[in-house]
Amino acid sequence: MNTKTQTQSKTDSKQKVHVSGAEAVVKCLLEEGADLIYGYPGGAIMPVYDELYKYQDKINHVLTRHEQGATHAAQGFARATGKVGVAIATSGPGATNLITGIADAQIDSTPMVCITGQVTEHLLGSDAFQETDIVGISTPVTKWNYQITKASEIPEVFAKAFYIAKSGRPGPVLIDITKNAQFETFDFEYEKCTSIRSYKAKSKVNIEEVKEAAALINSAKKPMVVFGQGVILGEAEEGFKKFIEKTGIPSAWTILGLSALPTDHELNVGMVGMHGNYAPNKLTNECDLLIAVGMRFDDRVTGNLNTYAKQAKVIHFEIDPAEVDKNVKTDVAVLGDVKESLAEILPFVNKNSHENWLQEFRKLDAIEFDKVQKDDLYPTKEGLTMGEVLKEINNASGGDAVIVSDVGQHQMFACRYAKFNQTKSNITSGGLGTMGFALPAAIGAKMGVPNREVVMIAGDGGYQMTIQELGTILQTKAAVKIVVLNNEYLGMVRQWQQLFFDKRYASTEMTNPDFIAIAKGYSIEAKRVTKREDLESSIQEMMESKDAYFLEVCVEKENNVFPMIPTGASVSDIRLE
């Protein structure tokens, strides 16, 4: 054997090692840097769990109390860190229990890889014990999925899965692995995926589109930006700030765009959408140029499309071509990675100030403060409001906490009033609106960014949907600060019933358990607040705790969240009461 052949042989022996499919799964996770995963074991995935047991020093597997909790925890981890979250479950009910979290990740563009066990290959299609067609079930809510039936497929499929989940517009991927593939052995080697012939992660930025967009921006008298989560996912926060500061354009955000720009930035004009701020909603129909950056014109943002920004030219910075012209007709679409697009356009836009136009926002802000915010933040009546709870959390956190909110009235109050200095700080279920999201997502977020304070905001309804994840906190010691705003109602549904169904409160009033006793049963320090004079000190005590802490705040039972755009109405028809 010559020297060259000997060298090649040594290289091959380093790259290839004979392992089982189950061990290959673990090795793939390590190759992708996935050293923190969430899941729940069962028969069809047991070989993988046996290998995870052997690799405990390299991979931290967190046992959630429900598979849905595993997906939401993986989402929270992904949203707080920018990395790919990983959830793992067995076949049948274990796999189907992942679906809500997968659907949530799909619509909110969260990078996640879900791994499910499956019955052995020869039993596929026979209705074997705990067999479900999870590939067929998950196809509508995944970016990609694949069923592995041979161990040798594992490295290539995992490499593709992580690449697809994170690249371009991120999203969830599901890998289903038959049990025989977990037991089979083969020569393992891993090569990370950097491209797939049939998959185009992003378009190259077209300089002519950039110049067209810049010309519209330079000539606009009343331009307005609406930015979404694309700015965060594209890690374009600095470039975006440079862009709006150079052009002087007032900039509003969608709920998932929140925290991409510091809340107190002078050009930050608030939230658009159904429960957004008065000024950016009203002035959407008065601007002469609407610039959408990394957002998808969701129906909760646009209201009635027939009356949405019809007077304005529209520029859309977007990575996903399918979103362009889907809801709102654009005049110029700048396709590509938003970080690259904003860097390209910056030299072509003029240094500008739109101070008079910005003052229009400030005038409407004053109206909203007088009609809505004053009572939310500085109430004179006896009952506690959700707004004042958020105000006190801001005071205690200084705007540096990660806020993880559930879905409902409290979510809108959190988005409207929470202050943020840092990106990746607002974590909530946007497109799917999944009640029960917050508790497991907060656990994932805290484990992803352990040096940051993570505060969970939930209502009494959504909290009880995944309350079992207190057991995950007990086992992991994740120091999540849990705030439940208890109004003894499914508050958002009750508000709609009050406004649009003549106060017929059908199945929305809640008879709740003793939340304090439950928290203490999980060895979590807990406190209940019913009086305003106790609120500030109780929040301060919670924030100073080094451990998990549960705070129940009993708020007004029929406190409504305003402003509000009724379903089907124009953004101009936003109501202040």
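Atom CE in Met542 sits 8.0 Å away from atom OH in Tyr549 (nearest 0.5 Å). Here the CD atom belonging to Glu544 is positioned 12.0 Å from the CD1 atom belonging to Ile539, to the nearest 0.5 angstrom. Atom CE of Met435 is separated from atom OG of Ser429 by 11.0 Å, given to the nearest 0.5 angstrom. The distance from atom OG1 of Thr64 to atom CG of Asn97, rounded to the nearest 0.5 Å, is 10.0 Å. Atoms CD and CG, on Gln411 and Asn426 in that order, are 8.5 Å from each other to the nearest 0.5 Å. Taken from SG in Cys554 to NZ in Lys531, the straight-line distance is 12.0 Å, to the nearest 0.5 Å.
Tested against Glu368, the residues Arg575, Arg416, Arg362 include a single salt bridge (charged side-chain N to carboxylate O under 4.0 Å, His left out) partner, Arg416. Screening Met456, Met447, Glu469 for a side chain to side chain contact (heavy atoms under 4.5 Å, CB included) involving Val480 leaves a single residue, Met456.
For Asp547, there are no side-chain hydrogen bond (donor to acceptor under 3.5 Å, both in side chains) partners, not counting sequence neighbours. The salt bridge (Lys or Arg N to Asp or Glu O under 4.0 Å) test applied to Glu536 returns no partner, not counting sequence neighbours.
Applying the 6.0 Å contact sphere to OH of Tyr53 captures no more than 12 heavy atoms from other residues, nucleotides or ligands. Heavy-atom contacts from other residues, nucleotides or ligands closer than 6.0 Å to NZ of Lys557 number more than 12. Around atom CZ of Phe413, more than 12 heavy atoms belonging to other residues, nucleotides or ligands sit under 6.0 Å away. Heavy atoms from other residues, nucleotides or ligands lying under 6.0 Å from CD of Glu382 number 12 at most. Within a 6.0 Å radius of CD in Glu577, no more than 12 heavy atoms belonging to other residues, nucleotides or ligands are found.
A donor-acceptor pair under 3.5 Å is absent between the side-chain atoms of Thr116 and the main chain of Thr90, judged by distance alone. Using modelled atom types, no side-chain atom of Lys446 and backbone atom of Phe77 make a donor-acceptor pair closer than 3.5 Å. Between the side chain of Arg79 and the backbone N or O of Ala445 there is no donor-acceptor pair closer than 3.5 Å. Side chain of Arg528 to backbone of Asp514: no donor-acceptor contact under 3.5 angstrom is found. The backbone N or O of Asp298 lies less than 3.5 Å from no partner atom in the side chain of Arg296, so there is not a single donor-acceptor pair.
Neither side chain, Tyr417 nor Asn394, offers a donor N or O lying under 3.5 Å from an acceptor on the other. Between the side chains of Gln498 and Asn560, at least one donor N or O lies within less than 3.5 Å of an accepting N or O. In summary, the side chains of Gln75 and Asp104 do present a donor paired with an acceptor at a separation below 3.5 Å, with no hydrogens or angles considered. Between the side chains of Asp376 and Thr385, not a single donor N or O lies within less than 3.5 Å of an accepting N or O. One side chain, Glu552 or Asn486, offers a donor N or O that lies under 3.5 Å from an acceptor on the other. Side-chain N/O atoms of Glu237 and Thr423 include a donor and acceptor closer than 3.5 Å. One side chain, Thr508 or Gln497, offers a donor N or O that lies under 3.5 Å from an acceptor on the other.
Between Phe361 and Trp357, the two ring planes are perpendicular [angle over 60°; tilted spans 30° to 60°]. The aromatic rings of Phe515 and Tyr463 sit perpendicular to each other, their planes meeting at more than 60°, with 30° as the lower class boundary.
For Tyr49 and His61, the ring centers are positioned less than 6.0 Å apart. Less than 6.0 angstrom separates the ring centroid of Tyr505 from the ring centroid of Tyr489.
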Check step by step if side chain to side chain contact (heavy atoms under 4.5 Å, CB included) holds for Thr71 and Glu67.
CA-CA 7 Å; Thr71 54; Glu67 292 89 353; over 6 Å; no
Is there a side chain to side chain contact (heavy atoms under 4.5 Å, CB included) between Val225 and Phe240 once you walk through the steps?
CA-CA 10 Å; Val225 166; Phe240 177 72; 3.8 Å; yes
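In plain terms, the two heavy atoms of Asp375 and Lys371 that are nearest each other are OD2-O, 4.5 Å.
Look at Arg532 and Glu388 and you find a salt bridge, because one of the NZ, NE, NH1 or NH2 atoms lies within 4.0 Å of a carboxylate O, short of that distance.
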